[in-house]
Amino acid sequence: MAHIGVSVDDGTKRKWSDYVETSDHGSMSELVRTAVRKEIRSNGGEGLPREAERRINQIAENQEQITRQMSSLSEDFEDVSDAATSDQYPEHIVELAEDVAGELEEVHADQFDNLRTDAKDELRSLAIRVCDDRKKAGEVGEALDYLSETLSYVKTAPQGPSDYYRVRRD
């Protein structure tokens with residue numbers, strides 16, 4: 001929403017402020033917008049009924065407030081995220097990660113879910129072969145984790161860049 005600055009003398013501002021407090025205008029901005037609409041309407045322009053104008057002004061002000069709050073929350077989140085990662089990883093690794101992220105294959109969330117489904121299907125298939133029960137896929141996954149942690153000759157495949165994705169949600 002565009003912003004327009006209006007300069008008035010202190011006495012006029014006091015009068016307008018007093019009027020806003022005693023009227024059903026929610027703010028000085030709403031008063032000015034309503035006055036401009038009335039001026040345009042009185043000169044042959046089309047306008048909205050006063051209640052519709054008031055509601056539209058209220059929605060616009062709420063939207064502005066929500067936008068400011070979201071911006072503030074986003075900045076706070078970035079600050080917290082930066083603080084958390086700076087304790088866990090050296091700065092040069094974080095900077096490198098930002099560069100690497102741009103090189104990762106981008107997949108839509110649905111495609112990524114398909115990759116998860118494929119992995120679950122593999123576990124179910126193994127569960128059927130070993131236990132005759134596909135519902136034991138979770139337990140088979142735990143058994144594989146146990147084997148890789150306890151036996152030196154059972155390893156998970158090394159993860160390379162092609163094992164990482166940027167997941168797009170739109």
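No experiment lies behind these values; they were computed from the predicted model shown.
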If I take atom [atom1] from residue [X] and atom [atom2] from residue [Y], how far apart are they, to the nearest 0.5 angstrom?
{"X": "Asp113", "Y": "His108", "atom1": "CG", "atom2": "NE2", "result": "9.5 Å"}
{"X": "Glu75", "Y": "Met70", "atom1": "CD", "atom2": "CE", "result": "12.5 Å"}
{"X": "Arg68", "Y": "Glu64", "atom1": "CZ", "atom2": "CD", "result": "6.0 Å"}
{"X": "Leu115", "Y": "Asp110", "atom1": "CG", "atom2": "CG", "result": "11.5 Å"}
{"X": "Ile66", "Y": "Leu73", "atom1": "CD1", "atom2": "CG", "result": "11.5 Å"}

Check whether Tyr19 and Val36 end up in the same hydrophobic cluster, where Ile, Leu, Val, Met, Phe, Trp and Tyr are linked by side-chain heavy atoms less than 4.5 Å apart. yes
So, for Val167 and Ala109, which heavy atoms are closest and what is the spacing to 0.1 Å?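 Closest pair (atom of Val167, atom of Ala109, distance): CG1-CA, 3.5 Å.
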Minimum heavy-atom distance between Val20 and Gly26, given as atom pair plus value: CG1-C, 4.4 Å
Non-hydrogen side-chain atoms of [X] and [Y] separated by less than 4.5 Å:
{"X": "Val130", "Y": "Glu139", "answer": "no"}
{"X": "Glu30", "Y": "Ser27", "answer": "yes"}
{"X": "Val32", "Y": "Ile4", "answer": "no"}
{"X": "Thr34", "Y": "Asn57", "answer": "yes"}
{"X": "Leu31", "Y": "Met28", "answer": "yes"}

Have [X] and [Y] got a donor and an acceptor in their side chains that come within less than 3.5 Å?
{"X": "Ser125", "Y": "Arg129", "result": "yes"}
{"X": "Gln58", "Y": "Arg55", "result": "yes"}
{"X": "Thr12", "Y": "Asp9", "result": "yes"}
{"X": "Glu61", "Y": "Ser29", "result": "no"}

Can you check whether Thr67's main-chain N or O pairs, donor with acceptor, with Ser71's side chain at less than 3.5 Å? no
Under the criterion salt bridge (charged side-chain N to carboxylate O under 4.0 Å, His left out), I'd like the reasoning laid out for Arg124 against Asp121: C-alpha separation, chi angles, the key distance, then a yes or no. CA-CA 5 Å; Arg124 287 184 191 114; Asp121 288 345; 3.0 Å; yes
